[in-house]
Amino acid sequence: MKRKQLFDLCCLVALVMAGMLLSSCSKDEKNPFVKSFSTEAIRELSDDGGATTRGLEREGSTIKAVWKTSDKVYAFPDKSSVSIGTLSPMADKVGSERTKLDGSLNSTGLKVGDYLNFVTPRDVWDYTGQVGTLADIESKYDYAQARVYITEISANGMKGSTANFSTEQAIIRFTIKGADGALMNIPSLTISAAGKKLATGYTLSGGTFTPSYGDLTITPASATSEIYVALRNDTEGSDTYTLLTTVNGNAYNYTRSGVTFKKGTPYHVTVTMSLNDDTYSERSGYGTEEEQVWD
């Protein structure tokens, strides 16, 4: 009996040690190359001082872009569509144009000199579903990109070159009025462009963003006369824009040609909508009788 107990105990110890060894191997295989990563991020202003990058603050008629600790920056290796981790601004840099980004990235296959592409605020680039507020744009649609290269890889982590972020869209604040000049509360606003290159989103594949184009419809939580839109148009130069809305069953529209919305620039546009006159169709009559004499 004692020999059997001793045998059982030896087997149990062997099994436990084997399990510990297997567990250790599995852990290493799961996450072998995750390292801390740090770099400096700078807001890149447009030529005319427009707003860029992350975190939007409005001061009067000015929109400022600043870093916030809640911001997320997604990292992609060059020519890859798979994120290897996220970075966030340091707490002591909140509200500033320059910050240090910290986080953990999977360093598998990376070496010094390799490039990384940074995208914020989401890893999905999509302009649809906007609700017309600045807060909504800040959290979901204020897209900015940067490209950095790895300057150091060590046991302590990785470091990268300075990340200069460029903003990828304009922000337009539309104030809607009726023909009488009074503010008009609208339940939604549809925007189309004649050039057919109004971006609805981009799909990342092999490190390249492929665009999707179409109309944008902004639907606020309740009818309002002021709507913010994050808008990107890939047409070179100016374009012709048409705005459409329906109020109390009546269709309204406005078309404007020769318009350019530059990336990284905020705009305030006041629009006087016109009642759509083609709701009714007409049929032409026969007119006056033509006299003919048949002998």
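Numbers here simply count residues along the sequence, with the first being 1.
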Working for side chain to side chain contact (heavy atoms under 4.5 Å, CB included), residues T69 and D71 | CA-CA 5 Å; T69 50; D71 293 340; over 6 Å; no
Verify side chain to side chain contact (heavy atoms under 4.5 Å, CB included) between N250 and L275, making sure each step is shown before the conclusion.
-> CA-CA 7 Å; N250 296 315; L275 188 63; 3.7 Å; yes
Tell me, with the steps shown, if D78 and R147 meet salt bridge (charged side-chain N to carboxylate O under 4.0 Å, His left out).
-> CA-CA 9 Å; D78 212 18; R147 195 163 187 256; 2.7 Å; yes
Would you sort out whether T175 and H268 count as a side chain to side chain contact (heavy atoms under 4.5 Å, CB included), showing the intermediate values?
-> CA-CA 8 Å; T175 297; H268 180 209; 2.7 Å; yes
Any chance you could lay out the side-chain hydrogen bond (donor to acceptor under 3.5 Å, both in side chains) test for T217 and T190, step after step, and finish with the verdict?
-> CA-CA 4 Å; T217 296; T190 298; 3.0 Å; yes
Show your working on side chain to side chain contact (heavy atoms under 4.5 Å, CB included) between Q145 and E168 and close with a plain yes or no.
-> CA-CA 7 Å; Q145 286 193 94; E168 298 301 325; 3.6 Å; yes
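By the 30° and 60° cut-offs, the orientation of the rings of F165 relative to F118 is parallel.
Inter-residue side-chain proximity for T219 and P187 is flagged as unmet; no heavy-atom pair is nearer than 4.5 Å. Between L116 and I150 there is a side-chain heavy-atom pair separated by less than 4.5 Å. For the pair V259/S238, no side-chain contact is recorded, criterion being any heavy-atom separation below 4.5 Å from C-beta on. With a 4.5 Å cut-off on side-chain heavy atoms, I137 and Q130 count as touching. Considering only heavy atoms from C-beta on, Y127 stays 4.5 Å or farther from K140 through its side chain. With a 4.5 Å cut-off on side-chain heavy atoms, Y252 and V247 count as touching. With contacts defined as side-chain heavy-atom distances shorter than 4.5 Å, the pair I191/L198 qualifies. Residues Y228 and I171 are in side-chain contact: their nearest non-hydrogen atoms beyond the backbone lie under 4.5 Å apart.
Hydrophobic clustering, with ILVMFWY side chains joined whenever heavy atoms are under 4.5 angstrom apart, groups L105 together with I153. Clustering ILVMFWY residues whenever any of their side-chain heavy atoms sit less than 4.5 angstrom apart, transitively, puts Y267 in the very cluster that holds I218. With hydrophobic clusters built from ILVMFWY side chains whose heavy atoms lie under 4.5 angstrom apart, Y254 shares a cluster with L231. One hydrophobic cluster, built from ILVMFWY side chains closer than 4.5 Å, cannot hold both M273 and L244; they sit in different ones. L183 and L189 fall into different hydrophobic clusters, where Ile, Leu, Val, Met, Phe, Trp and Tyr side chains are chained together by heavy-atom contacts under 4.5 Å.
Here the straight-line distance linking atom NZ of K196 with atom OG of S192 works out to 6.5 Å at 0.5 Å rounding. For the atom pair S161 OG and Y149 OH, the distance stands at 5.0 Å (nearest 0.5 Å). One distance of note links CD1 of I227 with CZ of F174; it measures 9.0 Å at 0.5 Å rounding. One distance of note links NZ of K177 with OG of S225; it measures 9.5 Å at 0.5 Å rounding. Within the model, atoms CD of E226 and CD1 of I176 stand 10.0 Å from one another, a figure rounded to the nearest 0.5 Å. Within the model, atoms CG of N253 and CG of N276 stand 4.5 Å from one another, a figure rounded to the nearest 0.5 Å.
Here F261 and Y241 bring their ring centres to under 6.0 angstrom of each other.
Here the options are Q169, K263, R122, the test is side chain to side chain donor-acceptor pair (under 3.5 Å), and the partner is Y143; only R122 passes. Y213 pairs with exactly one of N233, D234, T200 by the side chain to side chain donor-acceptor pair (under 3.5 Å) rule, that one being D234.
Shortest non-hydrogen contact noted between L101 and V73 is CD1-CG2, 4.1 Å. For the pair L110 and P77, the tightest heavy-atom approach, listed with the atom from each and the gap, is CD2-CB, 4.4 Å. Nearest heavy-atom pair, S188 versus P220, reported as atom, atom and distance to 0.1 Å: CA-CD, 4.1 Å.
R232 forms no cation-pi arrangement with Y141, by the criterion of a distance under 6.0 Å to the ring centre and an angle within 45° of the ring axis.
Between the side chains of S36 and S104, no donor-acceptor pair of N or O atoms lies under 3.5 Å.
Other members of a hydrophobic cluster containing V131 are absent, since no ILVMFWY side chain comes under 4.5 Å of it, directly or through relayed contacts.
Checked by atom type and distance alone, the side chain of D136 never pairs as donor or acceptor with a backbone atom of T133 at under 3.5 Å.
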